[in-house]
K.L.:
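First the structure, then my questions, so here it is.
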Amino acid sequence: MTTDLSERLVDGLNSAYGVHPGHRAAHAKGVLCAATFTASPAAAALSRAVHLNAEPVRAHVRFSNGGGDPTVPDAARDARGIAVKLYLPDGTTTDIIGITLPVFFARTPEDLLEFNEARRPDPGTGTIDLAKVGAFLERHPETVPAVTAAMTMPLPASYAQLTYHALHTFKLIAADGTVTPARYHFVPAGGEASITDEQAATLGTSYLRDELEARFRNGPAVFHLELEVAGEGDPLDDPTAQWPPERERVRIGDLSITGLAFDRERDGDVLVFDPTRVPDGIELSDDQILHARSGAYRASVARRVTG
Ligand code: HEM
């Protein structure tokens with residue numbers, strides 16, 4: 001359901017990145033790929049969800065740059081996204097979405113709106129009022145880690161060599177009803193790799209897409225899907241808070257991305273990834289940002305299909 005809040009969240013993105021008819025309000029520039037997800041035996045012990053128990057499932061994966069400008073050069077410093085849609089045997093789908101930031105900017109949608117307002121470029125000069133941003137960060141120290149990560153993140157060598165974090169906590173429900181709160185991470189099997197700004201300056205504006213296309217000629221790009229299991233006292237509703245690094249990690253499957261895909265997002269087909277679309281065996285935490293996303297994505301879809 002979209003609400004006034006959903007519309008305001010999309011307005012905030014539109015005022016930061018401009019309105020680009022036909023494109024997503026965030027993560028506007030992306031590359032669609034075909035993939036297969038295969039669960040590991042450890043997954044079935046944690047969740048009764050069908051994709052964690054049955055045969056491998058077909059998937060679409062969309063890699064993206066974080067901003068809402070579809071023409072942005074890939075060498076612009078930005079968070080990157082992975083959006084995975086798994087096609088389940090009963091004809092439904094479930095989505096897992098991650099970004100390269102280790103934490104999110106805000107705990108609540110209201111704080112996010114206030115943050116976006118503070119960092120909105122002046123419409124006349126295009127400059128950001130650093131004093132306003134500073135005052136916001138003083139009031140909201142929980143936003144500082146995400147801002148620091150976004151500003152210092154190196155430029156990627158490949159979408160396939162980044163670690164992506166789903167940031168929210170989800171509850172995995174086992175066959176016997178046991179609940180395991182955990183967070184997902186997509187970890188590249190080939191390790192992480194970055195390039196310098198100087199190297200990036202010699203590459204084309206869509207070098208990340210070109211790199212993927214070339215990479216697939218030599219075989220699939222593989223990610224391990226890891227679950228970071230919550231420990232005693234870890235916040236389950238706060239995407240600005242990282243958990244201690246020693247938390248147990250369980251590899252629950254492999255995502256094997258085999259090539260670019262052209263079978264969706266054409267002829268009026270709308271592909272939307274929504275992290276609240278979960279099957280039996282997985283439940284949402286009380287994270288307010290997680291719950292706000294569904295409505296904001298619908299509002300963005302409504303705007304992009306109507307022009
Ligand atoms: C309240 C907070 C958030 C808002 C308002 C928001 C808003 C949006 C919107 C409007 C879109 C475009 C939807 C479409 O037209 O299909 C989008 C896409 C996306 N968002 Fe968010 N987002 C939020 C939080 C997050 C978080 C926490 C993550 C990280 C896990 C994330 C990752 C992504 C990714 C990867 C995409 C691209 C999906 C695709 O490829 O279609 N977002 N977001």
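Read the numbers this way: they start at 1 and go in the same order the structure lists the ligands and their atoms. We use all heavy atoms of the structure for the numbers below, so side chains are in, but hydrogens, waters and symmetry mates are not. Bear in mind that the values here come from a model prediction, so they are computed numbers and not experimental data.
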K.L.:
With heavy atoms of Ala296 as the reference, note each atom of ligand 1 found under 4.0 Å away.
P.N.:
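Checking each atom against Ala296, I get 5 (C), 10 (C).
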K.L.:
Does ligand 1 have any atom that is closer than 4.0 Å to a heavy atom of Pro239?
P.N.:
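The answer is no: ligand 1 sits nowhere under 4.0 Å from a heavy atom of Pro239.
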K.L.:
May I ask you to test the Cys33-Leu212 pair for a side-chain heavy-atom distance under 4.5 Å?
P.N.:
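Of all side-chain heavy-atom pairs linking Leu212 with Cys33, at least one is under 4.5 Å.
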K.L.:
Do Lys29 and Ser206 pair up side chain to side chain, a donor and an acceptor below 3.5 Å, judged on atom types alone?
P.N.:
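Result is yes, a qualifying pair exists.
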K.L.:
May I ask you to check whether Phe186 and Tyr164 place their ring centers less than 6.0 Å from one another?
P.N.:
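That pair fails the under 6.0 Å test.
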K.L.:
Specify whether Phe170 and His168 have parallel, tilted or perpendicular ring planes, treating 30° as the upper limit for parallel and 60° as the lower limit for perpendicular.
P.N.:
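Rings of Phe170 and His168: perpendicular, as their planes differ by over 60°.
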K.L.:
Mind checking whether Arg24 has an N or O less than 3.5 Å away from an N or O of ligand 1?
P.N.:
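By distance alone, the answer is yes.
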K.L.:
At what distance is the nearest protein heavy atom to atom 7 (C) of ligand 1, and which residue and atom is it?
P.N.:
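Residue, atom and distance for the closest contact: Tyr297 CE1, 3.3 Å.
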K.L.:
What protein heavy atom sits nearest atom 38 (C) of ligand 1, and how far off is it?
P.N.:
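Ranked first by proximity to atom 38 (C) of ligand 1 is Ala83 CB, 3.9 Å.
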K.L.:
Can you find a side-chain donor-acceptor pair between Asp274 and Thr276 that sits under 3.5 Å?
P.N.:
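Side-chain D/A pair, Asp274 to Thr276: present.
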K.L.:
I'd like to know whether the aromatic ring centres of Tyr87 and His60 sit less than 6.0 Å apart in this structure.
P.N.:
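Ring centres of His60 and Tyr87 closer than 6.0 Å.
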K.L.:
Within the 4.0 Å heavy-atom shell around Gly98, which atoms of ligand 1 are there?
P.N.:
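Once the distances to Gly98 are compared, the set is 30 (C), 35 (C).
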K.L.:
Could you tell me whether Glu265 and Arg24 have a side-chain N and a carboxylate O separated by less than 4.0 Å?
P.N.:
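Judged by the 4.0 Å cut-off on N to carboxylate O distance, Glu265 and Arg24 do form a salt bridge.
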K.L.:
So which protein heavy atom does atom 35 (C) of ligand 1 come closest to, and at what separation?
P.N.:
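Going atom by atom, the protein heavy atom closest to atom 35 (C) of ligand 1 ends up being Ile97 CG2, 3.3 Å.
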K.L.:
Between Thr143 and Leu137, is there a donor-acceptor pair closer than 3.5 Å when you use the side chain of the first and the backbone of the second?
P.N.:
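No, Thr143 side chain to Leu137 backbone: no donor-acceptor pair under 3.5 Å.
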K.L.:
Please state whether the rings of His185 and His165 are parallel, tilted or perpendicular, taking 30° and 60° as the class boundaries.
P.N.:
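If you compare the ring of His185 with that of His165, the planes turn out perpendicular.
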K.L.:
For ligand 1, which atoms have a heavy atom of Gly81 less than 4.0 angstrom away?
P.N.:
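Close to Gly81: 35 (C).
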K.L.:
Any salt bridge linking Asp129 with Arg120? Criterion: basic side-chain nitrogen under 4.0 Å from a carboxylate oxygen.
P.N.:
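Between Arg120 and Asp129 there is no salt bridge, as every charged N stays at least 4.0 Å from the carboxylate O atoms.
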K.L.:
Among protein heavy atoms, which lies nearest atom 15 (O) of ligand 1, and at what distance?
P.N.:
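Looking at atom 15 (O) of ligand 1, the protein heavy atom closest to it is Ser300 OG, 2.5 Å.
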K.L.:
Identify the protein heavy atom lying closest to atom 19 (C) of ligand 1, giving its residue, its atom name and the separation to 0.1 Å.
P.N.:
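Its nearest protein heavy-atom neighbour is His27 CD2, 3.2 Å.
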K.L.:
Consider ligand 1: state whether an atom of it lies below 4.0 angstrom from any non-hydrogen atom of His168.
P.N.:
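Distance cut 4.0 Å: His168 passes for ligand 1.
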K.L.:
Hey, which atoms in ligand 1 end up nearer than 4.0 Å to a heavy atom of Ile289?
P.N.:
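Here the atoms of ligand 1 in question are 1 (C), 2 (C).
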K.L.:
Taking only non-hydrogen atoms of Pro109, do any sit less than 4.0 angstrom from ligand 1?
P.N.:
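Contact absent.
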K.L.:
Should the proximity of Ala166 to ligand 1, defined as any heavy atom under 4.0 Å, be assigned to the side chain, the backbone, both, or neither?
P.N.:
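The part of Ala166 near ligand 1 is the backbone, not the side chain.
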K.L.:
Pick one of side chain, backbone, both or neither for how Leu13 approaches ligand 1, counting any non-hydrogen atom pair under 4.0 Å.
P.N.:
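The answer is the side chain.
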K.L.:
To the nearest 0.1 Å, how far is atom 1 (C) of ligand 1 from its closest protein heavy atom, and which atom is that?
P.N.:
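Nearest neighbour among protein heavy atoms for atom 1 (C) of ligand 1, to 0.1 Å: Leu112 CD2, 3.6 Å.
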K.L.:
What I want to know is whether Arg304 and ligand 1 share at least one N or O pair that is separated by under 3.5 angstrom.
P.N.:
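Yes, there is a polar N/O contact under 3.5 Å.
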K.L.:
Considering only heavy atoms, does Leu271 approach ligand 1 within less than 4.0 Å through its side chain, its backbone, both, or neither?
P.N.:
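Looking at Leu271 and ligand 1, no heavy atom falls under 4.0 Å.
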K.L.:
If every non-hydrogen atom of Gln161 is compared with every non-hydrogen atom of Gly191, which pair is closest and at what distance?
P.N.:
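Between these two residues, the closest heavy atoms are NE2-O, 3.0 Å.
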K.L.:
Cation-pi check for Tyr159 against Arg209: NZ or CZ below 6.0 Å from the six-membered ring centre and within 45 degrees of the axis, yes or no?
P.N.:
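Negative - Arg209 is either too far from the ring of Tyr159 or too far off its axis.
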K.L.:
Answer yes or no: is there a donor N or O on one side and an acceptor on the other, between the side chain of Gln199 and the main chain of Thr196, under 3.5 Å?
P.N.:
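Indeed, once roles are kept as given, a pair shorter than 3.5 Å links the two residues.
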K.L.:
What is the nearest protein non-hydrogen atom to atom 32 (C) of ligand 1, stated with its residue, atom name and distance?
P.N.:
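Residue, atom and distance for the closest contact: Arg293 NH2, 3.4 Å.
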K.L.:
Looking at Ile99, which atoms of ligand 1 are within less than 4.0 Å of one of its heavy atoms?
P.N.:
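Matching atoms, with element in brackets: 29 (C), 32 (C).
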K.L.:
Got the closest protein heavy atom to atom 39 (C) of ligand 1, with its distance?
P.N.:
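Of every protein heavy atom, Arg62 NH1, 3.3 Å lies nearest to atom 39 (C) of ligand 1.
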